[in-house]
Amino acid sequence: MVERAPVLDTICHAILIAGALLVCVPLYFAFVAGSLTIAEVQKVPLPWLPGDQFVANLQAAWVKADFGRTFLNSILVAVGIAAGKIAVSLLSAFAITYFRFRYRMLAFWLIFMSLMLPIEVRIVPTFEAVANAALPLQWLADALHVSGLWKWISGHDVAIALEWNMVNTYPGLILPLIASATATFLFRQFFLTVPDELCEAARLDGASPLRFFWSILLPLSVSNIVALAIILFLFGWNQYLWPLLFTTDKDMATAVIALKNLIPRSDNEPAWNIAMSGALLTMLPPTLVILLLQRWFLKGLIDSSK
Amino acid sequence: MTPRPGKARTLKHGRPDREPGLKRANFGHGPGLPTLLLLPQFLILVFFFFIPSLRALMQSVLLSDPFGNNVHFVWFDNFTALFANGEYRQSIVTTLWFTVAQNVITLAVAVVLAFATDRVVRARSVYRTVILLPYAIAPAIAGILWAFLFNPVVGPLAHMLHALGIGWDPNRNPSDALRLVIMAASWKHICYNYIFLAVGLLAVPASLMEAAAVDGAGPIRRFFLIALPMLGPTVFFLAVMNFIYGFFETFAIIDAVTHGGPAGATNILVYKVYVDGFVNLDLGSSAAQSVLLMTFALICTLLQFRYFDHKVNYGV
């Protein structure tokens, strides 16, 4: 700070307190509503102080939204996305920065093309691709006009013979969300800053490429990996549209989707107390992740967006 | 010219002596191992990215009946039909209005909060942690929280509005519904903008600010004349990210809170893709809409790279 400006500093504190209130007021009202009985939550105006039903409502929400099962699904999906994306990205970033091969630039540009095209825009064709992962083979069959021939020979429709249904499976939930190359670029950027001498020394010592990757590059990347893992965990936990399409089987729903079903749809049965308890429960794991791992989280956020 | 650090050294005839983005100390190997390393990423990208994207492109120039028996190649009919459709044009207007409003609110609040954070010394990290919290909260949950606060029957904030004589009802009044989703979307995204601006401000050289202070510029003047222009690329980056967020990620808020209603008032483009594709089963039109949105997303990405690529240090 350059000069003393007590008035301005007071105003700044006031602004920040207002900002903190902006964040906290919705959360506070969610807590108040989540601690009332259904009769109290309908009272006008809503009480300013919490009631005594908090634990009971949490239990009710837990049972009603089957959070035991859906939390497990959310954790599997979020961890799966984080682990999967980091694993494939590390390998491909290693390949395009440390190897000279013929199609390197082509590979680089193909990965580059997939950067940041959100799943929301290709949702219908992606759904079809996952619902029938063998679709490309079917196209080939169609294009070569062998479908009719196959039907004549085997008596089966090609479409049915090839169908490999991934709806309501964990790979179906996870893989399409891994399909973008943001993490690859983060690691590529990081690898480019690793000193060349390390690689030269490793080669002099007779280390193979994979040995260099495992014993030198990976340990150096730990802080980037942790930071990115946090971001991707939050990304996975908070997914909405893709899991929504997969909840034909209730047992495969994620916590956010299960929560959606707790929102009162009509004003006749406004169980907002249960809905708010559920909302608090669902936001708890990602909030804890941010609070506990803030330093890493910030690093990941800033890095991964560059 | 002596080679500067951070730049690829060039040979006499001016060509780079190595491929961009390749380590000088590389393993030079044949194609076997790198192919193997790239394989997992490429399998996933091909099946869940390239094929769906190509399929959307193809489907956007085809017309098929709902049972898929009859497929015609119709050139750009799906696109012309879209722009002739009043509902779609309405959806474009809604999306733009929603996104621009969300962008302005988010950036304005974040700039003020970042400025304040930069000034205060005490409790700075506490403020930062609290304001960061909405990042953890799913857009759908943010929507649900605000839908409750402004629920015309039970919501405490809706009651305050009613007490002030404002007939607030997002379930019936289209403009109230739009305001509700704009509020929820902005609330959820302020933290993201805030963090980038706060970190950016830390990087503004203190010597510059001190020089300006010596010249008699007050803190607010310094912020607007020095710090904010220096954050120009960050603000631009955030504006682009806000557009992407507004266009795509707010799907969850719309679906959890308003379902695009009432009377299509919150039917933003990405929600319309979903409804036309999965509810109305109009695949050609839905694909055409997807292609338009993809084009938009790609433009955003390219804009971002134009602004940021030259700042990335490839120095090896």
Side-chain angles (χ1 to χ4, degrees), chain A residues 2-3 5 8-9 12-13 15-16 19-20 23 26 29-30 41-42 44-46 88 91-92 94-95 97-102 107 114-118 120-122 124-126 129 136 175-176 178-179 192 196 199-200 209 238 240-241 256 260 263 267 270 272 279 282-283 286-287 290 302, chain B residues 21-29 31 33-34 37-38 40-41 44-45 47-49 51-53 55-56 112-113 116 119-120 127 130-131 133-134 136-138 140-141 144-145 148-149 153-154 156 159 195 199 209-210 213 219 248 251-252 256 270 274 277 286 290 293-294 297 301 314 316:
Chain A
V2 186
E3 77 278 86
L8 185 66
D9 287 348
C12 284
H13 276 286
I15 289 172
L16 286 170
V23 171
F29 275 115
V41 87
Q42 293 177 71
V44 177
L46 192 84
V88 298
L91 293 181
S92 57
F94 179 54
T97 49
Y98 275 97
F99 291 89
R100 185 194 292 272
F101 55 100
R102 205 161 161 204
S114 73
L115 211 67
M116 254 186 58
L117 205 55
E120 279 82 359
V121 299
R122 52 197 156 89
V124 176
T126 306
L175 290 176
I178 294 181
L192 288 177
D196 277 326
C199 179
E200 280 159 6
N238 290 340
Y240 185 82
L241 177 54
V256 174
K260 184 207 167 194
I263 315 170
D267 291 333
W272 281 102
T282 314
M283 68 177 84
T287 310
I290 283 202
I302 303 292
Chain B
L22 179 70
K23 301 285 284 185
R24 192 167 50 74
N26 60 60
F27 291 100
H29 259 249
L33 184 58
L37 292 170
L38 282 168
Q41 172 121 55
I44 291 173
L45 284 182
F47 273 94
F48 302 110
F49 185 87
I51 288 176
S53 303
R55 205 172 150 75
V112 172
L113 289 174
R119 288 289 305 177
V120 303
Y127 291 131
V130 173
I131 296 173
L133 276 185
I137 298 170
I141 302 180
I144 293 168
L145 287 181
F148 169 69
L149 290 178
V153 182
V154 298
H159 276 294
I195 275 309
V199 171
M209 297 301 252
E210 277 158 20
F248 304 115
F251 175 92
V270 66
Y274 164 78
S286 173
S290 281
L293 283 176
M294 278 182 191
T301 310
Y314 292 109
V316 184

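Being a predicted model, the structure only gives us computed values, none of them experimental. Just so we're on the same page: letters track the sequence lines, and every chain starts at 1.
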field: Contacting region of B:Y127 [heavy-atom separation from chain A under 4.5 Å]
entry: side chain
- prompt: Would you call B:R24 and A:E200 a salt bridge, using N to O less than 4.0 angstrom?
  reply: yes
message: Would you compute the distance between atom OG1 of A:T126 and atom CD1 of B:I51 and round it to the nearest 0.5 angstrom?
response: 10.5 Å
statement: Ranked by heavy-atom pairs below 4.5 Å to chain B, first place among A:L16, A:I15, A:L175 goes to A:L16
statement: Comparing A:Y98, A:F94, A:F29 against chain B, the one with the most heavy-atom pairs below 4.5 Å turns out to be A:Y98
Contacting moiety of B:L33, where chain A heavy atoms sit under 4.5 Å: side chain
task: Could you tell me which portion of A:L8 (side chain, backbone, both or neither) has an atom closer than 4.5 angstrom to a non-hydrogen atom of chain B?
output: side chain
- line: With chain A, the option among B:A138, B:A56, B:P134, B:P219 that has the most non-hydrogen atom pairs under 4.5 Å is B:A138
- prompt: Given B:F248 and A:L241, is the side-chain contact (heavy atoms from CB on, under 4.5 Å) satisfied, shown in steps?
  reply: CA-CA 10 Å; B:F248 304 115; A:L241 177 54; over 6 Å; no
message: So, using side chain to side chain contact (heavy atoms under 4.5 Å, CB included) as the criterion, who are the partners of A:L91 when residues are at least two apart?
response: A:F213, B:L37, B:P40
message: Heavy-atom cut-off 4.5 Å, strictly under: side chain, backbone, both or neither for A:I290 against chain B?
response: side chain
message: Counting heavy-atom pairs under 4.5 Å with chain A, which one of B:V154, B:V112, B:V199 comes out on top?
response: B:V154
task: With sequence neighbours excluded, tell me which residues meet side chain to side chain contact (heavy atoms under 4.5 Å, CB included) with A:P26.
output: B:L145, B:W146, B:L149, B:W187
- prompt: Do A:C199 and B:F27 come close enough that some side-chain heavy atom pair is under 4.5 Å?
  reply: yes
